[in-house]
Colleague: 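Here's a structure for you.
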Amino acid sequence: MHEPVALSPALYDGGPALLTEVMAVVRQVAAAVLAEHGAAQVTTNLGGYQESKHLHFHVIHRDT
């Protein structure tokens, strides 16, 4: 698991440098999931449903 480098409330709030760093980690994790399971889905959400607003990504394996 990776530790957050900074708290960013939404995809559009982090700035290009932070987003580049975060996406590098997302790519690493997605590649590992793809290698192990044959498929990967990456998602993020924007909206009022979060109690503590923050940027995060889900990397999910899907059956092929």
Side-chain angles (χ1 to χ4, degrees):
M1 177 168 292
H2 295 275
E3 295 296 320
V5 293
L7 187 61
S8 183
L11 181 62
Y12 47 81
D13 289 333
L18 178 59
L19 188 56
T20 298
E21 188 173 348
V22 169
M23 289 310 296
V25 174
V26 172
R27 288 181 62 195
Q28 268 186 311
V29 173
V33 171
L34 176 64
E36 184 172 339
H37 297 282
Q41 179 180 16
V42 178
T43 64
T44 191
N45 297 300
L46 303 171
Y49 66 93
Q50 291 180 329
E51 289 181 23
S52 173
K53 306 286 188 271
H54 65 283
L55 174 61
H56 66 277
F57 290 87
H58 301 268
V59 181
I60 307 162
H61 86 276
R62 297 289 184 187
D63 294 329
T64 56

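This one's a predicted model, so the numbers in the text were calculated from it and none came from an experiment.
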Colleague: Examine V29 and M23 and state if one hydrophobic cluster contains both, with Ile, Leu, Val, Met, Phe, Trp and Tyr joined whenever side-chain heavy atoms are less than 4.5 Å apart.
Modeller: yes
Colleague: A30 and A40: which non-hydrogen atoms are nearest, and at how many Å?
Modeller: O-CB, 3.8 Å
Colleague: Rounded to the nearest 0.5 Å, how far does NE2 of H56 lie from OG1 of T43?
Modeller: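 Between T43 OG1 and H56 NE2, I get 7.0 Å after rounding to 0.5 Å.
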Colleague: With a 4.5 Å cut-off on side-chain heavy-atom distances among I, L, V, M, F, W and Y, is there a chain of contacts connecting L55 to V25?
Modeller: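 Yes, L55 and V25 fall within the same hydrophobic cluster.
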Colleague: Who pairs with T20 by side chain to side chain contact (heavy atoms under 4.5 Å, CB included), at least two apart in sequence or on another chain?
Modeller: none
Colleague: Does one hydrophobic cluster hold both L34 and V59, with members joined at side-chain heavy-atom distances below 4.5 Å?
Modeller: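 Each belongs to a different hydrophobic cluster.
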Colleague: Given the rule that I, L, V, M, F, W and Y join up when any side-chain heavy atoms are under 4.5 Å apart, are V42 and L18 in one cluster?
Modeller: yes
